[in-house]
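Working notes, structure below.
Every heavy atom of this structure was used, including side-chain atoms; hydrogens, water molecules and symmetry mates were not. Both ligands and their constituent atoms are indexed starting at 1 by order of listing.
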Amino acid sequence: MNLGTTMMNIDELRQLTIQRRSIRGYDESREVSEEAIRAILECARWAPSGGNGQPWEFIIVRDQTTRHKIADIYLKQLEPKREMDLAVRGTAKMTGDGFRHAPVHIIILGDPRVKEAYPIRTKLEKADSHFITGLANVTLLIHLAAASLGLASQYVSDANSPYMETLLKAMLKIPEPLRIYHLVPIGYAKGNFATPPRRELDEIVHFEQYDMNKYRDDTAMERFINTLTLQGSYGKGR
Ligand SMILES: Cc1cc2nc3c(=O)[nH]c(=O)nc-3n(C[C@H](O)[C@H](O)[C@H](O)COP(=O)(O)O)c2cc1C
């Protein structure tokens, strides 16, 4: 491999990271080719993972009945989740079930048995976080690869809530040791979608040592949560 040559320059990469957004509405009438899904997963499988354990496997679901069943299970598990937020916060901002219309659902599976690929101390100290980090990396590459093809995608992280994971594992005949990490729908975006704001670079970078002028006190942190995050005013429009 020639490490001196690059296929993509940093401006193109930055553009891709900006182009990738979490999309919650999909055009069910527009198919996504087998070739596109293959190309996406071909990129994703090069993700880094602890000990090169590559904990990931994928189930591709195209069948409309199955996809809608998955979304119905999602809606059901959302009920107590919503109730909990309403009880504690008096408001509940949950993502909807728009992903049911994405023509492809990728279920990302993790096989925890790969933890044996970690050195013993690593296994004792951080087997779970290494396992999850590998799965997070492969998931991000799926999103980026999809975006590079002009496709929309989204995280459905509730796929691993106990109720949803149990029902999906039974429905999709997933063997016992494997875990469901996330579900990523892939399709063409329908409707408008926002670009969630990011903290400014100057606010988050420190040089040589931590700059206490940039440290957020509790008031600043509360303002941040209440404005720029999905819990805050930004999330109202999603
Ligand atoms: C670990 C993780 C879990 C997430 N879970 C969900 C989810 O269940 N549903 C959803 O619509 N978005 C989910 N998101 C997407 C975030 O809400 C989204 O990345 C964030 O609001 C920024 O928006 P962007 O992805 O468009 O930049 C998740 C993202 C991450 C990294």
Side-chain angles (χ1 to χ4, degrees), residues 13-27 40 44 47-49 55-56 61 67 70-85 89 91-102 104-110 128-165 167-168 179-201 203-204 224-238:
L13 181 57
R14 186 172 54 88
Q15 212 41 56
L16 182 61
T17 63
I18 294 170
Q19 191 182 319
R20 181 215 60 82
R21 295 276 64 88
S22 295
I23 305 300
R24 281 118 187 170
Y26 297 85
D27 183 348
I40 289 168
S49 59
W56 46 74
V61 178
R67 284 190 286 107
I70 291 173
D72 290 341
I73 293 168
Y74 169 84
L75 282 182
K76 200 160 168 197
Q77 65 81 42
L78 213 53
E79 288 167 22
K81 185 177 176 181
R82 188 187 301 281
E83 204 180 328
M84 286 158 79
D85 268 39
R89 297 185 168 137
T91 167
K93 294 170 182 165
M94 304 290 153
T95 319
D97 62 334
F99 70 91
R100 70 168 67 237
H101 302 297
V104 177
H105 287 180
I106 302 179
I107 319 275
I108 299 170
L109 305 176
D128 289 345
S129 72
H130 273 32
F131 174 62
I132 296 296
T133 302
L135 293 168
N137 291 342
V138 88
T139 305
L140 182 59
L141 288 190
I142 288 175
H143 291 304
L144 287 175
S148 79
L149 294 172
L151 290 163
S153 64
Q154 173 197 352
Y155 288 86
V156 180
S157 51
D158 281 355
N160 66 18
S161 64
Y163 173 80
M164 190 161 176
E165 180 177 28
L167 292 210
L168 291 195
R179 301 294 316 273
I180 293 180
Y181 177 57
H182 285 169
L183 183 157
V184 174
I186 307 272
Y188 287 91
K190 189 176 183 183
N192 297 326
F193 53 89
T195 300
R198 294 298 195 263
R199 297 177 66 201
E200 292 298 331
L201 197 56
E203 289 177 37
I204 57 177
F224 167 72
I225 302 285
N226 287 333
T227 53
L228 295 192
T229 73
L230 289 189
Q231 280 303 324
S233 48
Y234 167 73
K236 286 200 178 96
R238 103 185 131 129

Seminar exercise, completed: Counting heavy atoms under 4.0 Å, the part of L230 that contacts ligand 1 is side chain
Exercise. How are the rings of H182 and Y155 set relative to one another: parallel (under 30°), tilted (30 to 60°) or perpendicular (over 60°)?
Worked result: perpendicular
For this session: Return the orientation label for the Y74 and F99 ring planes: parallel under 30°, perpendicular over 60°, tilted otherwise.
Result: perpendicular
Seminar exercise, completed: Candidates Q154, R24, R21, H143; heavy atom nearest atom 17 (O) of ligand 1 found on R24
Problem set entry | More than 12 heavy atoms of other groups within 6.0 Å of E83 CD | no
Exercise. Looking only at distance, does Y155 have an N or O less than 3.5 Å from an N or O of ligand 1?
Worked result: yes
Problem set entry | Minimum side-chain heavy-atom gap D158-Y163 below 4.5 Å | no
For this session: For residues L75 and R100, determine if any side-chain heavy atom of one lies less than 4.5 Å from a side-chain heavy atom of the other.
Result: yes
Seminar exercise, completed: The answer for which part of P196 has a heavy atom under 4.0 Å from ligand 1 is side chain
For this session: Kindly identify the option in M94, R20, R198, H182 whose heavy atom sits closest to atom 22 (C) of ligand 1.
Result: R198
